[in-house]
Amino acid sequence: DSGVTQTPKHLITATGQRVTLRCSPRSGDLSVYWYQQSLDQGLQFLIHYYNGEERAKGNILERFSAQQFPDLHSELNLSSLELGDSALYFCASSVSPMDTQYFGPGTRLTVL
Amino acid sequence: DAKTTQPNSMESNEEEPVHLPCNHSTISGTDYIHWYRQLPSQGPEYVIHGLTSNVNNRMASLAIAEDRKSSTLILHRATLRDAAVYYCILGLPNAGGTSYGKLTFGQGTILTVHP
């Protein structure tokens, strides 16, 4: 158990819908990262927040957004969902951007 | 981002040592070498990291070539639980730009451990 929690574990929804994925980092970790893992693209970095501020962006679609709240938990919002958004979404956390990242168990999103 | 090259797959028998290679000929002087692994149906898990010297921890050892263009992750006695995809990643700490804090995963090496 990494100490990073993600909810929900599974999410099934339809195209065009909007969903919110939630991540609680390990106690004391200020950095939160989101990654997407699909069969064809592998593990891809989406976005990084540090202490509430966005620090780095990867190839995150404009339909996707994230935020980190004052209690340091983070949410990833995915809107206008398409079939290709079906994937595993992982959250990771670290004490600072230079430290080891600890990954949560992931949320499996299925878009029908 | 500096690129790494790993074999697609490797096999081992239980309780034997496993040497997982990684080539990174374009590594920069400040790039750390990180290894993560992903067990089936789980998120990636940190294994070990190093800069220049060989490193040991309770999970594995990391041997880094003198020119830093390659490294080897060593599992001293493989168990069935070590069957996973192993990723060799360069970077961290990075300062500034979009690579700040980002881990770039390649395809990794699928390790199969036979009983």
Side-chain angles (χ1 to χ4, degrees), chain A residues 1-7 9-10 21 23-26 29-51 53-60 66 68 74 87-108, chain B residues 1-9 22 28-51 55-60 62 73 81 84-110:
Chain A
D1 183 356
S2 67
V4 178
T5 60
Q6 290 186 248
T7 56
K9 287 184 83 167
H10 302 277
L21 312 184
C23 169
S24 293
R26 296 185 322 154
D29 285 358
L30 298 179
S31 274
V32 170
Y33 313 79
W34 287 97
Y35 292 83
Q36 178 193 57
Q37 185 171 34
S38 60
L39 281 174
D40 55 343
Q41 295 286 328
L43 263 163
Q44 302 274 314
F45 167 77
L46 293 179
I47 198 162
H48 167 210
Y49 277 83
Y50 176 73
N51 204 19
E53 292 187 7
E54 181 185 304
R55 277 300 184 95
K57 258 185 175 178
N59 293 326
I60 186 167
Q68 186 180 28
S74 178
L88 271 166
Y89 291 84
F90 290 104
C91 167
S93 74
S94 65
V95 173
S96 81
M98 296 187 178
D99 288 297
T100 297
Q101 294 182 25
Y102 294 88
F103 284 76
T107 292
R108 182 175 293 279
Chain B
D1 292 333
K3 187 175 160 57
T4 62
T5 304
Q6 300 178 251
N8 289 332
S9 62
C22 180
S28 77
T30 56
D31 278 339
Y32 280 71
I33 301 159
H34 299 256
W35 285 81
Y36 280 75
R37 71 180 185 181
Q38 188 173 20
L39 279 65
S41 303
Q42 295 189 29
E45 173 186 37
Y46 166 78
V47 178
I48 201 166
H49 76 283
L51 183 62
V55 185
N56 300 296
N57 67 21
R58 63 174 182 82
M59 287 181 71
L62 176 60
L73 178 71
R81 199 196 169 276
V85 181
Y86 286 79
Y87 298 98
C88 169
I89 302 168
L90 302 183
L92 290 177
N94 285 321
T98 59
S99 60
Y100 199 55
K102 162 187 170 185
L103 289 174
T104 302
F105 288 84
Q107 293 307 305
T109 297
I110 301 171

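Protein chains get the first letters and strands the later ones, always in sequence-line order, with residue 1 at the start of each. Every value quoted in this text rests on a predicted model; they were computed, and no experiment measured them.
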Engineer: Taking C-beta and beyond as the side chain, do B:Leu103 and A:Phe103 meet within less than 4.5 Å on heavy atoms?
Structural biologist: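 Touching, per the 4.5 Å side-chain cut-off.
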Engineer: Inspect the surroundings of CZ in A:Arg108 and state if more than 12 heavy atoms from other residues, nucleotides or ligands are less than 6.0 Å away.
Structural biologist: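 No, not enclosed.
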Engineer: Between CG of A:Leu46 and NZ of B:Lys102, what distance do you get to the nearest 0.5 Å?
Structural biologist: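 If I round to the nearest 0.5 Å, the distance is 10.5 Å.
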Engineer: Within a 6.0 Å radius of atom CG on A:Asn59, are there more than 12 heavy atoms belonging to other residues, nucleotides or ligands?
Structural biologist: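 No, not enclosed.
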Engineer: Quick one: which of B:Gly106, B:Gly43, B:Pro44 has the most heavy-atom pairs under 4.5 Å with chain A, could you say?
Structural biologist: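 Ranked by contacts with chain A, first place is B:Pro44.
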Engineer: Give the minimum heavy-atom separation between B:Gln42 and A:Phe90, together with the two atoms involved.
Structural biologist: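 Answer, listing the atom of B:Gln42 first, then A:Phe90: O-CZ, 3.8 Å.
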Engineer: Relative to chain B, which segment of A:Tyr35 carries a heavy atom at a distance below 4.5 Å: side chain, backbone, both, or neither?
Structural biologist: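 The side chain, not the backbone.
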Engineer: For B:Tyr87 and A:Gln37, work out which heavy atoms get closest and say how close.
Structural biologist: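 Looks like OH-NE2, 3.9 Å.
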Engineer: With a cut-off of 6.0 Å (strictly less than), are more than 12 heavy atoms of other residues, nucleotides or ligands near CD of A:Glu54?
Structural biologist: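 Yes, enclosed.
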Engineer: Count the heavy atoms belonging to other residues, nucleotides or ligands that lie under 6.0 Å from CD1 of B:Ile110, then report whether that count exceeds 12.
Structural biologist: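 No, the 6.0 Å shell around CD1 holds no more than 12 heavy atoms from other groups.
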